[in-house]
**Student:** 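Can you read through this structure? Questions will come right after.
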Amino acid sequence: MTKRALITGITGQDGSYLAEFLLDAGYEVIGMVRRSSTVTFERIAHLQDRIATVHGDLLDQASLIELLRTYEPDEVYNLAAQSFVQTSFGQPVLTGDVTALGVTRILDAIRIVNPAIRFYQASSSEMFGKVVEVPQSETTPFYPRSPYGVAKVYGHWITVNYRESYDLFACSGILFNHESPRRGLEFVTRKISNAVAKIKLGRAEELRLGNLDAKRDWGFAGDYVRAMWKMLQQDSPDDYVVSTGETHSVREFCEVAFGHVGLDWEQYVVVDEAFFRPAEVDLLVGDSSKALTELDWSPEVDFEQLVTMMVDADMDLLSGRLDAIG
Ligand code: NAP
Ligand code: GDD
């Protein structure tokens, strides 16, 4: 029997990689998209004839119930969110409504329509925030440092609560930062890779960044979607940290990215207060030994490969060798 998966957030970075992965695994893929005045399908344009896109919104409970009734998925991957930390400081209520309460809306829709549906929640290392231990694992207490992080803590606990209250097969994947050539341009890694390509091609002269000392555990999004799927194939639902176990600063990311095209980052990067946050997450590094032991999951792309992959893709895109990063 072909399995059917519903992905919220299919137009995002992870949605596009997960859709590819599930299609290759023989799934029928339904992607939930929200109404917008322009088409936001750039990342899934190459999959359009293999997936069905259907309208719904995490802000609208009835649309979620209707989608579950109509399409009867076996698995739901909730990737949709207001996912940019900086924006969450300016739009804290919207972020809470989508990223926190949106999780309850979809969990409750599952409870009402079909409690046998398996559910994946996209939780985040941002929940660890001002970390209380290093490295961070499934047992590390949360200390979020942004409205986004606070919203994700709510999403995590409501997932656990619905699992325990209603016996739902609901998993929370606590994923550390994962990047790719399809990363949104506002996130620091893609902002750097894109600027490196522009500077190399003579189309920009500098790159303005905020805190260069922040450290992140950066992995490749294509590796991380495998872990999401594996969680839903277990005998019982649980929560897992997904990370590389290595941490690097924004400064190191710049060094490798500029160095890859023969440039010295210090000549181009300008520190700009506008990109500092009211409260910062200084250091993230994950311990994903539970995912290794129980899911047999480990990352395949390392830090250097990730950075150079992103710079190469932006060089191709900006020099017209690629139409889109799909
Ligand atoms: P992303 O590229 O920002 O994609 C977010 C997706 O959510 C987009 O498809 C967006 O649709 C959709 N969306 C936003 N508001 C919505 C709403 N009200 N109703 C329905 N859809 C809505 O994020 P990502 O990097 O792929 O991340 C996927 C998920 O993992 C997010 O929940 C994120 O918070 C979480 N996460 C990400 C990372 C990471 O490092 N990437 C790490 C941990 C957790 P539009 O295209 O219409 O905007
Ligand atoms: N975006 C951005 N822009 N970040 C900058 C800049 C800049 O110009 N300069 C320095 N940084 C620093 C930020 O202050 C932060 O410490 C770090 O770079 C990473 O920022 P982002 O790439 O925006 O990612 P994030 O860590 O805040 O959040 C991402 O990872 C989370 C998982 O830990 C997002 O994908 C979240 O959705 C995700 O949950």
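One-based numbering, in listed order, for ligands and for the atoms of each. Heavy atoms only: backbone and side chains are in, while hydrogens, waters and symmetry mates are out.
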**Student:** Is there a heavy atom in Phe84 that sits closer than 4.0 Å to ligand 2?
**Tutor:** yes
**Student:** Would you say that more than 12 heavy atoms from the other residues, nucleotides or ligands in this model lie under 6.0 Å from the NZ of Lys198, or not?
**Tutor:** no
**Student:** Has Asp272 got more than 12 heavy atoms of other residues, nucleotides or ligands less than 6.0 Å from its CG?
**Tutor:** yes
**Student:** I want to know if ligand 1 touches Gln82 in the polar sense, i.e. an N/O pair below 3.5 angstrom.
**Tutor:** no
**Student:** Just distances here: any N/O of Ala214 and N/O of ligand 2 closer than 3.5 Å?
**Tutor:** no
**Student:** Which atoms of ligand 1 have any heavy atom of Ser123 under 4.0 Å away?
**Tutor:** 43 (C), 44 (C)
**Student:** Does ligand 2 have a heavy atom under 4.0 Å from the side chain of Lys191, from its backbone, from both, or from neither?
**Tutor:** side chain
**Student:** Could you say whether the N/O atoms of Leu79 and ligand 1 ever approach to under 3.5 Å?
**Tutor:** yes
**Student:** Which bit of Glu126 is near ligand 1, meaning a heavy atom under 4.0 Å away: side chain, backbone, both or neither?
**Tutor:** neither
**Student:** To the nearest 0.1 Å, how far is atom 4 (O) of ligand 1 from its closest protein heavy atom, and which atom is that?
**Tutor:** Gly12 CA, 3.4 Å
**Student:** Report the nearest protein non-hydrogen atom to atom 9 (N) of ligand 2: residue, atom name, distance rounded to 0.1 Å.
**Tutor:** Gly210 N, 2.8 Å
**Student:** Nearest protein heavy atom to atom 20 (O) of ligand 2, by residue and atom, and its distance?
**Tutor:** Arg277 NH2, 3.6 Å
**Student:** Any idea which part of Thr40 is under 4.0 Å from ligand 1, heavy-atom wise: side chain, backbone, both or neither?
**Tutor:** side chain
**Student:** Going by atom types only, do Tyr240 and Glu294 share a side-chain donor-acceptor pair under 3.5 Å?
**Tutor:** yes
**Student:** Between Ser172 and Gln121, is any side-chain donor less than 3.5 angstrom from a side-chain acceptor?
**Tutor:** no
**Student:** May I ask you to check if ligand 1 and Ser125 share an N or O to N or O distance below 3.5 Å?
**Tutor:** no
**Student:** Can you list the atoms of ligand 1 that are under 4.0 Å from a heavy atom of Asn177?
**Tutor:** 40 (O)
**Student:** Judged by modelled atom types alone, do Gln136 and Ser125 share a side-chain donor-acceptor pair under 3.5 Å?
**Tutor:** no
**Student:** Applying a heavy-atom cut-off of 4.0 Å, say which part of Leu209 lies close to ligand 2: side chain, backbone, both or neither.
**Tutor:** both
**Student:** When you compare ligand 1 with Ala81, is there at least one nitrogen or oxygen pair between them that comes in under 3.5 angstrom?
**Tutor:** yes
**Student:** With a heavy-atom distance limit of 4.0 Å, tell me whether Val188 approaches ligand 2 through its side chain, its backbone, both, or neither.
**Tutor:** both
**Student:** Say whether, by atom type as modelled, one donor and one acceptor occur between the side chain of Gln48 and the main chain of Ile44 under 3.5 angstrom.
**Tutor:** no
**Student:** Check each of Ser288, Pro299, Pro135 against Ser243 using the side chain to side chain contact (heavy atoms under 4.5 Å, CB included) test, and report the only one that passes.
**Tutor:** Ser288
**Student:** Flag Glu280 as yes when one of its N or O atoms lies below 3.5 Å from any N or O atom of ligand 2, and as no otherwise.
**Tutor:** yes
**Student:** Among protein heavy atoms, which sits nearest to atom 27 (O) of ligand 1, and what does the distance come to when rounded to 0.1 Å?
**Tutor:** Asp14 OD2, 3.7 Å
**Student:** For Ser124, counting its heavy atoms only, list the atoms of ligand 2 lying under 4.0 Å from any of them.
**Tutor:** 31 (C), 32 (C), 33 (O), 38 (C), 39 (O)
**Student:** Looking only at protein heavy atoms, which one is nearest to atom 1 (N) of ligand 2, and what is the separation?
**Tutor:** Glu186 O, 2.9 Å
**Student:** Taking distance alone, with N or O pairs closer than 3.5 Å, would you say Leu175 contacts ligand 1?
**Tutor:** no
**Student:** Quick one: look up the protein heavy atom nearest atom 25 (P) of ligand 2 and list residue, atom name and how far away it is.
**Tutor:** Asn177 ND2, 3.8 Å
**Student:** Between Lys152, His178, Glu42, which one has a non-hydrogen atom sitting closest to atom 39 (C) of ligand 1?
**Tutor:** His178
**Student:** How long is the gap from CG on Leu22 to CD1 on Ile7, to the nearest 0.5 Å?
**Tutor:** 5.0 Å
**Student:** With a 4.5 Å cut-off on side-chain heavy atoms, are Tyr77 and Val225 touching?
**Tutor:** no
**Student:** Report the part of Gln13 in contact with ligand 1, treating N, CA, C, O as backbone and CB onward as side chain, heavy atoms under 4.0 Å; options are side chain, backbone, both, neither.
**Tutor:** both
**Student:** Below 3.5 Å, N or O to N or O, backbone or side chain included: is there any such pair between Leu212 and ligand 2?
**Tutor:** no
**Student:** Tell me whether Arg34 has any N or O atom under 3.5 angstrom from an N or O of ligand 1.
**Tutor:** yes
**Student:** Checking Arg182 against Tyr17: charged group under 6.0 Å from the ring centre and within 45 degrees of the axis?
**Tutor:** yes
**Student:** So, 4.0 Å and heavy atoms of Arg182: is ligand 1 close enough to count as a contact?
**Tutor:** no
**Student:** Are Tyr143 and Phe128 close enough that their ring centers fall under 6.0 Å?
**Tutor:** no
**Student:** Give me the nearest non-hydrogen protein atom to atom 6 (C) of ligand 1 as residue plus atom name, then the distance to 0.1 Å.
**Tutor:** Gly9 CA, 3.7 Å
**Student:** What part of Asp57, side chain from CB on, backbone N/CA/C/O, both or neither, has a heavy atom under 4.0 Å from ligand 1?
**Tutor:** both
**Student:** Given Arg183, Glu186, Glu179, identify the one with the heavy atom nearest to atom 41 (N) of ligand 1.
**Tutor:** Arg183
**Student:** Polar contacts were defined as any N/O atom of the residue lying under 3.5 Å from an N/O atom of the ligand; does this apply to Leu59 and ligand 1?
**Tutor:** no
**Student:** Which residue owns the protein heavy atom closest to atom 23 (O) of ligand 1, what's the atom, and how far is it?
**Tutor:** Ser83 OG, 3.6 Å
**Student:** Please could you name the atoms of ligand 2 that Glu126 approaches to less than 4.0 Å, counting only its heavy atoms?
**Tutor:** 33 (O)
**Student:** Given side chains that start at C-beta, do those of Val281 and Val85 come closer than 4.5 Å, heavy atoms only?
**Tutor:** no
**Student:** Can you tell me if Ser180 and Gln13 form a side-chain donor-acceptor pair at under 3.5 Å?
**Tutor:** yes
**Student:** The criterion is side-chain hydrogen bond (donor to acceptor under 3.5 Å, both in side chains); which residues satisfy it with Arg118, sequence neighbours excluded?
**Tutor:** none
**Student:** Thr11 to ligand 1: N or O pair under 3.5 Å?
**Tutor:** yes
**Student:** Among protein heavy atoms, which sits nearest to atom 37 (O) of ligand 2, and what does the distance come to when rounded to 0.1 Å?
**Tutor:** Ser83 O, 2.7 Å
**Student:** Does Arg183 have a heavy atom less than 4.0 Å from any atom of ligand 2?
**Tutor:** yes
**Student:** Distance to 0.1 Å, residue and atom name: give those for the protein heavy atom nearest to atom 30 (O) of ligand 1.
**Tutor:** Ala122 CB, 3.4 Å
**Student:** Considering non-hydrogen atoms of the protein only, which is the closest contact for atom 15 (C) of ligand 2, and what is the distance?
**Tutor:** Arg216 NH2, 3.4 Å
**Student:** At under 4.0 Å between heavy atoms, is it the side chain or the backbone of Phe84 that contacts ligand 1, or both, or neither?
**Tutor:** neither
**Student:** Polar-atom distance check: Ser124 versus ligand 1, any N or O pair below 3.5 Å?
**Tutor:** no
**Student:** In the protein, what heavy atom is nearest to atom 19 (N) of ligand 1, and what distance, to one decimal place, separates them?
**Tutor:** Leu58 N, 3.0 Å
**Student:** Which option wins on minimum heavy-atom distance to atom 33 (C) of ligand 1: Tyr148, Tyr17, Phe41?
**Tutor:** Tyr148
**Student:** With atoms numbered from 1 as shown, which atoms in ligand 1 lie under 4.0 angstrom from a non-hydrogen atom of Met32?
**Tutor:** 20 (C)
**Student:** Do Glu133 and Thr140 pair up side chain to side chain, a donor and an acceptor below 3.5 Å, judged on atom types alone?
**Tutor:** yes
**Student:** Within the 4.0 Å heavy-atom shell around Val98, which atoms of ligand 1 are there?
**Tutor:** 15 (N), 18 (N)
**Student:** Considering only the protein, which heavy-atom contact is closest to atom 22 (C) of ligand 1, and what is its distance?
**Tutor:** Ala80 CB, 3.6 Å
**Student:** Given the side-chain rings of Tyr224 and Trp297, with only the six-membered ring counted for Trp, is the space between their centroids under 6.0 Å?
**Tutor:** yes
**Student:** With no hydrogens and no angle check, just 3.5 Å: does a side-chain donor-acceptor pair link Ser63 and Asp57?
**Tutor:** no
